[in-house]
Amino acid sequence: MVIFFFPFPPFRLFFSYFKDLVGREVTVELKNDLAIRGTLHSVDQYLNIKLENTRVVDQDKHPHMLSVRNCFIRGSVVRYVQLPPDGVDIELLHDATRREARGG
Amino acid sequence: MSWAGPDDIFLSTSLATYLDKKLLVLLRDGRKLLGLLRSFDQFANVVLEGACERVIVGELYCDIPLGLYVIRGENVVLIGELDLEKEELPSHMTHVSAAEIKRAQKAEREATDLKGSMRKRMEFLDFD
């Protein structure tokens, strides 16, 4: 039995990058303006994100999120992923981007 | 969602860990649905059993029962696991009937429409 999927998205750069960030504290800002802080548990090829130990940034505006501690966020609704300043090795990312752009 | 093998279920973004749990699903149109996750797929299509919509207007809220729901993944914003030991809502919020929440929603909608139309009138005057 053969199962067909979407072809994996061609840009694996950010997927690899986020995989290295698993376990770090991040803040995910969604397109609906909801911002959630939590520990990055996992990420997949679509950049869907699973966060643990979540706290909503503006809790009063989102009372329904009070008891949510873990969540799955669909990649398509993410606006930003805010990282700790030391979470980025800019040179490494820069080199990887150049390599990827060259077709490597 | 990646098609995870049985070993990576705990490391991947698979929704399998949420099966049979009570979840909060946020939709793109702003609706909040609660229910038990019974099924999912790689597009984040989701089957919720015993679903209800939690409508919140200011300090008032109401749960409107919906039954068995199949949600198309493109509408899903977030799927949150509710911690059963924590309060789902702040204690200062009051539960009201469906009729009352609908009235509150209408009042809120009319207030925002009024604000919108007044702003349009002010913009026309073009103050610096």
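Everything numeric here is computed off the predicted structure, so don't read it as measured data. In what follows, chains are A, B, ... by sequence order, proteins preceding strands, each numbered from 1.
- Other residues, nucleotides and ligands contribute only 12 or fewer heavy atoms inside 6.0 Å of the CZ atom of B:Arg72.
- Using a 4.5 Å cut-off between heavy atoms, B:Ile56 contacts chain A through its side chain alone, with no backbone atom that close.
- For A:Val77, the part lying near chain B is the side chain, with the backbone staying farther off; criterion is any non-hydrogen pair under 4.5 Å.
- Using a 4.5 Å cut-off between heavy atoms, A:Leu30 touches chain B through its side chain atoms alone.
- Neither the backbone nor the side chain of A:Leu47 comes within less than 4.5 Å of any heavy atom in chain B.
- Clustering ILVMFWY residues whenever any of their side-chain heavy atoms sit less than 4.5 angstrom apart, transitively, puts B:Leu78 in a cluster other than the one holding B:Val70.
- B:Leu23 does not touch chain A: none of its heavy atoms, backbone or side chain, sits under 4.5 Å away.
- Contacts between B:Leu24 and chain A at a heavy-atom distance below 4.5 Å involve the side chain alone, from C-beta outward.
- A cation-pi geometry, defined here as NZ or CZ lying under 6.0 Å from the six-membered ring centre and within 45° of its normal, holds between A:Lys19 and A:Phe15.
- The aromatic rings of A:His62 and A:His64 lie perpendicular to each other, with more than 60° between the two planes, well past the 30° mark.
- In this structure, the side chains of A:Leu66 and A:Gln59 come closer than 4.5 Å at one or more pairs of heavy atoms.
- With hydrogens and angles left out, the side-chain atoms of A:Ser76 and A:Lys31 include no donor and acceptor closer than 3.5 Å.
- Looking at A:Asn32, the atoms closer than 4.5 Å to chain B (heavy atoms on both sides) all sit in the side chain, from C-beta outward.
- B:Tyr18 touches chain A through its side chain: at least one heavy atom from C-beta onward sits under 4.5 Å away, while N, CA, C and O do not.
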